[in-house]
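Computed over heavy atoms, backbone and side chain alike; hydrogens, waters and symmetry mates excluded. Here the structure is a predicted model, which is why all the values come from computation and not from measurement.
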Amino acid sequence: MSGLEFSVLSAESLTWEQATRAFLLRCRAQDVSPGTIEHYRGTLAGLVAFLVPIGVAKPGDAAASHLRAYLEDRKDQGLASETLHTRWRHLRTFFRFLRRDGLLLLDPSETLEAPRVERRLMPCPTPDQFRKIIEQLRGRDPLDVRDYAIMCFLADTGARLSEALALKLGDVDMAGGTARLLGKGRRERLVAFGSAARTALLAWLRARGEGKPEERLFVDRFGGPLTRGAFGQRFRRLARAAGVYTRRLSPHALRHFFAIQFLRNGGGVLQLQRLLGHSTLAMTKRYAALTDDDSLADHRKASPLDRLGPLPGERKRVRLR
């Protein structure tokens with residue numbers, strides 16, 4: 001969009017296309033991550049597709065009731081509560097930008113209520129289920145070797161799929177067993193991986209062939225960047241073949257797998273927060289609460305004292321009144 005186009009924008013004439021382009025340009029100028037920009041683009045495309053047919057032809061025509069109807073429609077289509085809340089945040093950010101820059105006289109999202117989020121974690125494979133999934137990749141096909149390495153890396157580092165797919169060859173220190181990730185808000189963090197993941201990565205590097213440090217670590221069959229969608233479809237097919245598929249299971253489940261196993265193996269909550277790149281402890285505490293519940297259930301099944309059998313001098317059980 002040229003400077004001349006910006007000069008003629010006004011609250012009265014602003015179109016959805018102009019508003020979207022101006023907002024996404026602002027996101028790029030603020031160095032918002034490409035993945036987040038694509039999420040914004042998807043939300044706004046869905047909003048426009050919903051509003052225009054019901055007569056909301058431009059942003060200036062939108063009211064809180066229209067945005068509320070859009071979110072209700074997404075909910076009726078089965079959108080998860082967490083995703084619905086993300087859509088709400090996208091709308092707030094978009095309309096606040098338009099109002100702040102004088103492209104709207106009023107912000108219709110100002111009184112838009114936040115959708116209630118169901119506090120639950122997405123399905124997470126158990127260690128046995130994880131083994132069953134990666135057992136589907138026993139072949140020597142380069143794509144099998146690649147996907148085996150990706151899954152091992154995700155499960156051993158807690159990286160987001162987008163972070164793993166953005167890795168460049170120069171970001172990974174095979175000797176030291178570390179990788180430098182670029183996360184949300186373009187914050188960098190260093191994660192470690194163990195010998196099993198290192199072996200999987202080395203096998204993929206042999207299959208991939210040598211490359212320059214600035215080239216992507218994980219590429220498609222043509223040497224181009226591997227997309228989240230392509231790997232997501234592949235993951236779901238493998239999970240189905242392993243008999244552990246559920247509708248909400250996705251590669252992101254391996255991040256939850258890492259978090260839960262890390263805590264079960266004695267890792268601390270603060271260390272987990274840093275490794276996952278969470279800006280607050282809120283999400284990390286949800287993992288801790290889940291493992292606390294698991295520990296209680298495990299104790300009921302394997303109480304050390306109860307498993308010893310009758311104790312010397314143990315009194316007969318009595319019923320409490």
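Using a distance-only test at 3.5 Å, with no hydrogens or angles considered, no donor-acceptor pair links the side chain of Arg96 to the main chain of Asp107. In terms of modelled atom types and a separation under 3.5 Å, the side chain of Arg255 and the main chain of Leu276 share a donor-acceptor contact. A distance-only check finds a donor-acceptor pair linking the side chain of Arg99 to the backbone of Leu105 [under 3.5 Å]. The closest donor-acceptor contact from the side chain of Arg208 to the backbone of Leu217 lies under 3.5 Å. Not a single donor-acceptor pair under 3.5 Å links the side chain of Arg180 to the backbone N or O of Leu190. With hydrogens and angles ignored, the 3.5 Å screen pairs a side-chain donor or acceptor of Arg189 with a backbone N or O of Leu275. Side chain of Asp220 to main chain of Phe222: a donor-acceptor pair is present (N/O by atom type, distance under 3.5 Å, no hydrogens or angles).
Counting heavy atoms from C-beta on, the side chains of Leu47 and His90 never come closer than 4.5 Å. The closest side-chain heavy-atom distance from Pro125 to Val244 is not below 4.5 Å. Between Leu165 and Thr227 the shortest side-chain heavy-atom distance does not fall below 4.5 Å. Side-chain contact check for Thr43 versus Phe94: every heavy-atom pair is 4.5 Å or farther apart. At a threshold of 4.5 Å between non-hydrogen side-chain atoms, the residues Thr93 and Arg26 count as touching. Counting heavy atoms from C-beta outward, Leu254 and Phe153 have side chains that stay 4.5 Å or more apart. Considering only heavy atoms from C-beta on, Leu71 stays 4.5 Å or farther from Lys75 through its side chain. Using a 4.5 Å cut-off on side-chain heavy atoms (C-beta onward), Arg21 and Gln18 make no contact.
Pairing each heavy atom of Met151 with each of Leu238, the nearest pair is CE-CD1, 3.3 Å. When every heavy atom of Ser109 is checked against every heavy atom of Phe95, the shortest pair comes out as OG-CB, 3.7 Å.
More than 12 non-hydrogen atoms from other residues, nucleotides or ligands lie less than 6.0 angstrom from CD of Glu214. Within 6.0 Å of CZ in Arg240 there are more than 12 heavy atoms belonging to other residues, nucleotides or ligands. Atom CZ of Arg92 has more than 12 neighbouring heavy atoms from other residues, nucleotides or ligands inside a 6.0 Å radius. Surrounding CG of Leu202 are more than 12 heavy atoms belonging to other residues, nucleotides or ligands, all under 6.0 Å away. Around atom CZ of Phe262, more than 12 heavy atoms belonging to other residues, nucleotides or ligands sit under 6.0 Å away.
Between the side chains of Thr86 and Arg89, a donor-acceptor pair is found at a separation under 3.5 Å.
A salt bridge links Arg41 to Glu38: one of the charged nitrogens lies within less than 4.0 Å of a carboxylate oxygen.
Rounded to the nearest 0.5 angstrom, Leu201 CG and Phe193 CZ are separated by 5.5 Å.
Note: His85 and Trp88 have tilted aromatic rings, judged against thresholds of 30 and 60 degrees for the angle between ring planes. Ring-plane geometry between Trp204 and Phe218 is classed as parallel, the angle between the planes falling under 30 degrees on a 0 to 90 degree scale with a further cut at 60.
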